[in-house]
Amino acid sequence: MHDRHQSYPIEVLFEDHVTLSDGRSKPHLVLLQLTSETLIIRRLKITQVSSINDKQVQTIIPRNVTLKRHPTTHSFGFSIKGGSDTGFPVLISRVVYTNAHLLHVGDAILSINNENISTLTHDEVIQKLRDTSGDQVNLIVKYMNDMAPYLSSASATARSSFSSLMPMTQTSYTLPTSHSVRLRRQQNRMSAEYPSRYHRPGKQQQRLSLMLSDERKDTDEYELLSRLLLCENENERCRHQLETFAKEQKQQTDSIATLVDEDDEDSSTVDYVSVHEYSLLYAYVTQYITGTDKLRTNSFQLHTLDGSQSGIIISDTSAQQHLWISRINTIIHNLTARTITELNQSLLSSEQVLYATWMHERVTNINQNRLPEWKPIFIVMKGSDLYIFDDNKPPPICSYDFICCSRIYPIVEILIEVTSSKYLQDDRQYCLTLTVSNDLIANCRYFNFETKNGLDEFLSNWQRSLYMSVYAVKNRAFGCIYQGQICRLVIDINNGFEMYNNETNVMLWSFTFEQLQSSSDNGRDKIYFEFKRSPLPNESESTIKIEVQCQHLRILIHVINAFLTIKLIGKRDNTID
């Protein structure tokens, strides 16, 4: 563990300027930074503006500008930010040197070819510029004195952030947040039963290398995982710099680190006067308006383990939104995998944690006249059981937290069904139902994943967990009544269906899973089987119908479904490793 009294280095993996809103006041520009453990939001404040584009721009009067396309690239030589969907005007964020005498970073575009664009979104403005016929475009622009420094710093940080994949080229130092200190203290206290280190460079390298499959090596996720690996392995190299920095900050431990962006061609200075750091351990990102099925446009929100929330983070485009969500989810997945590995060190091999994730459950309060709402639920597949952490219970940090969980269900007794599009209960996609037989509150629960990848990953891990659970249990016996006798029905993964007389312990009949042709039930206490009987010599193939009365009918049906599912999976070639 790191010494919690010292500062520690944080490598910024990605950063960009986005818009932040609290849902009440006017949105404002912030610097969004992603590290290997946290998401940092820095609010900007302008302290000095001396020059833009190597010259002082004094006028705020709208001016007419005519730009020509580049003969080779066919572009107009500038980039934009903003639009009606972001709450900001369309602003020039970057200008190539050939147009430096015509445009300035901070110019707002009022019209394109004499057409007002104040109501157009960011994507619509880009499309309009692309659709401009001819080799030139006429713009009416107006310099925005209060916006130029934001855009100047944005262009500079964007250049430095993506210039290299090598570590320590873009390193900032911050003090641990109060939440991270509390979390680390809790881990120290509650994990005393087994040794643990938060950073294990050797094991991290092996684990991350396994995650980088050949199919994903050209993706942005591969780049992020690569940078995570570099970040994890740089702890020793950073130690000397950390000690030096701690000495320099000895007299300033109560201050918040600020970042100043300086450029030879632009002496404007930007202070980050408000810094919020959110731990990504067991955090989740959502595009939906809290508690509803309504998607936000080009925006998302982060929810953390301690219940805090970021503001609404607004991107310029949907592509940028999905890119940020993908990056953050990759960090969350990495931290969750690391926590699971540490948890498994103190657990028996039969009690290992296989998978953990956030889901959203649709709930209806029957006692109150309210619309259904969605709430986050954390689920864990551990050993042969499914743990559901709801009712404001936090996800497990140590093995003791599993003892405190009140919702524990045998995996073989749970029925999972993916909801088809025509049976969705509202506008949320990628839903499933989870049916349990012994829950006194809700037998059937309705869950949602925000992405198809999330649903697919859950189903894959569910099949794997079910496979391991069935072969760990091997068989289940149910008391029943057959032909007026008290009997015992055994479901065995190897032998299929077996019926025994309880008094004599004599087997009355036995059929394999392959011989089962159909089954049905009356919804209360009876189940009906149709088995294909192996024909005797000179006999044709026939079927036999069997009626069984069982008090625990729902559990019996779920167990039969689980065993049949695993037999079907077992027929596939190496489906489960």
Side-chain angles (χ1 to χ4, degrees), residues 384 410-420 423 432-438 443-444 459-460 462-577:
S384 298
I411 289 177
V412 295
E413 296 182 7
I414 298 174
L415 180 63
I416 296 288
E417 294 179 291
V418 177
T419 306
S420 61
Y423 293 112
L432 59 85
T433 57
L434 185 150
T435 306
V436 295
S437 54
N438 56 350
N443 287 330
C444 185
L459 294 176
S460 175
W462 174 259
Q463 286 187 355
R464 183 182 175 193
S465 183
L466 183 63
Y467 186 93
M468 296 171 64
S469 298
V470 167
Y471 276 96
V473 173
K474 293 186 179 179
N475 60 71
R476 286 289 301 271
F478 295 88
C480 62
I481 296 177
Y482 172 66
Q483 294 183 345
Q485 303 178 32
I486 298 177
C487 298
R488 182 173 73 256
L489 176 62
V490 178
I491 313 299
D492 189 283
I493 188 62
N494 296 314
N495 300 326
F497 301 86
E498 298 176 335
M499 182 68 75
Y500 292 86
N501 185 293
N502 257 15
E503 294 182 359
T504 63
N505 204 32
V506 173
M507 180 187 293
L508 303 179
W509 50 261
S510 174
F511 295 97
T512 64
F513 290 105
E514 290 76 11
Q515 288 179 286
L516 178 65
Q517 287 190 318
S518 66
S519 65
S520 60
D521 63 89
N522 65 357
R524 295 186 302 276
D525 60 352
K526 290 184 179 180
I527 185 169
Y528 311 96
F529 297 104
E530 274 195 20
F531 292 106
K532 181 175 60 176
R533 187 171 59 181
S534 300
L536 297 174
N538 301 323
E539 285 188 2
S540 60
E541 189 176 90
S542 61
T543 61
I544 179 172
K545 296 182 180 180
I546 295 176
E547 177 184 313
V548 177
Q549 184 176 352
C550 180
Q551 183 179 0
H552 303 288
L553 179 63
R554 187 181 295 273
I555 298 178
L556 172 61
I557 293 173
H558 290 182
V559 170
I560 292 175
N561 180 77
F563 278 60
L564 287 173
T565 300
I566 295 311
K567 293 298 290 186
L568 178 62
I569 293 175
K571 292 181 179 180
R572 304 173 189 169
D573 294 333
N574 301 323
T575 300
I576 303 294
D577 295 327

Trainee: Which atom pair, heavy atoms only, marks the closest approach of Ile493 to Phe563?
Mentor: N-CE2, 3.6 Å
Trainee: Mind checking the CD1-CD1 spacing from Ile481 to Ile486? Nearest 0.5 Å is all I need.
Mentor: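 Nearest 0.5 Å value for the CD1-CD1 distance: 6.5 Å.
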Trainee: Can you find a heavy atom in the side chain of Ile411 that is under 4.5 Å from one in the side chain of Ser384?
Mentor: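 Not in contact.
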Trainee: Quick one: are Asp525 and Gln551 in side-chain contact, heavy atoms under 4.5 Å?
Mentor: no
Trainee: Walk me through whether Val559 and Glu413 qualify under side-chain contact (heavy atoms from CB on, under 4.5 Å).
Mentor: CA-CA 5 Å; Val559 170; Glu413 296 182 7; 4.2 Å; yes
Trainee: Of all the heavy-atom pairs spanning Cys487 and Asn502, show the shortest one and how long it is.
Mentor: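 Cys487 and Asn502 have their closest heavy atoms at C-OD1, 3.7 Å.
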Trainee: Is it true that, when you exclude Gln485 itself, more than 12 heavy atoms of the residues, nucleotides or ligands shown sit nearer than 6.0 Å to its CD?
Mentor: yes
Trainee: With the side chain counted from C-beta on, respond yes when Arg476 and Leu556 share a heavy-atom pair under 4.5 Å apart, and no when they do not.
Mentor: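 The answer is no, as the side chains (C-beta and beyond) never meet within the 4.5 Å cut-off.
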Trainee: Are the side chain of Gln549 and the backbone N or O of Lys526 linked by a donor-acceptor pair below 3.5 Å?
Mentor: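 Not a single qualifying donor-acceptor pair exists.
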Trainee: Quick check for you: to the nearest 0.5 Å, what is the distance between Asn494 atom CG and Lys474 atom NZ?
Mentor: 7.5 Å
Trainee: Supply the atom-to-atom distance Glu530 CD to Lys545 NZ, rounded to the nearest 0.5 angstrom.
Mentor: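 Those atoms lie 5.0 Å apart.
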Trainee: Hey, could you give me the CG/CG distance between Leu415 and Leu432, rounded to the nearest 0.5 Å?
Mentor: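 It comes to 10.5 Å.
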Trainee: Is there a side-chain contact between Arg533 and Thr543 in this structure, where contact means two heavy atoms from C-beta onward sitting under 4.5 Å apart?
Mentor: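 A side-chain contact under 4.5 Å is absent here.
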Trainee: With a 4.5 Å limit on heavy-atom distance, are the side chains of Ile414 and Leu466 in contact?
Mentor: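 Sidechains of Leu466 and Ile414: no contact.
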Trainee: Could you walk me through whether Phe478 and Leu553 pass the side-chain contact (heavy atoms from CB on, under 4.5 Å) test, one step at a time?
Mentor: CA-CA 9 Å; Phe478 295 88; Leu553 179 63; over 6 Å; no
Trainee: Checking Asn561 side chain against Leu564 main chain: does a donor-acceptor pair fall under 3.5 Å?
Mentor: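 Judged by distance alone, no pair lies under 3.5 Å.
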Trainee: Could you measure the distance from the SG atom of Cys550 to the OH atom of Tyr482? Nearest 0.5 Å is fine.
Mentor: 15.0 Å
Trainee: Do the side chains of Leu459 and Ile416 get nearer than 4.5 Å, heavy atoms only?
Mentor: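 Contact flag for Ile416/Leu459 side chains = yes.
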Trainee: Within the structure provided, determine whether Met499 and Ile546 are in side-chain contact (heavy-atom separation under 4.5 Å).
Mentor: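 No. Closest side-chain heavy atoms not under 4.5 Å.
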Trainee: Where do Asn505 and Arg488 land on the side-chain contact (heavy atoms from CB on, under 4.5 Å) test, with the steps shown first?
Mentor: CA-CA 9 Å; Asn505 204 32; Arg488 182 173 73 256; 2.8 Å; yes
Trainee: Around Glu503, counting heavy atoms of other residues, nucleotides and ligands shown, do more than 12 lie under 6.0 Å from its CD?
Mentor: no
Trainee: Would you say that Lys567 contacts Val470 through its side chain, given a criterion of any heavy-atom pair below 4.5 Å between the two side chains?
Mentor: no
Trainee: Taking Ile527 as the fixed residue, which of Ile560, Asn522, Leu489 is the one that meets the side-chain contact (heavy atoms from CB on, under 4.5 Å) rule?
Mentor: Ile560
Trainee: Trp509 vs Phe511 aromatic rings, parallel, tilted or perpendicular, using cut-offs 30° and 60°?
Mentor: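 Answer is tilted, since the angle falls between 30° and 60°.
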Trainee: Please report the interatomic distance CZ(Phe531) to OG1(Thr512), rounded to the nearest 0.5 Å.
Mentor: 8.5 Å
Trainee: Using the side-chain contact (heavy atoms from CB on, under 4.5 Å) definition, which of the options Val548, Leu516, Val490 pairs with Phe497?
Mentor: Leu516
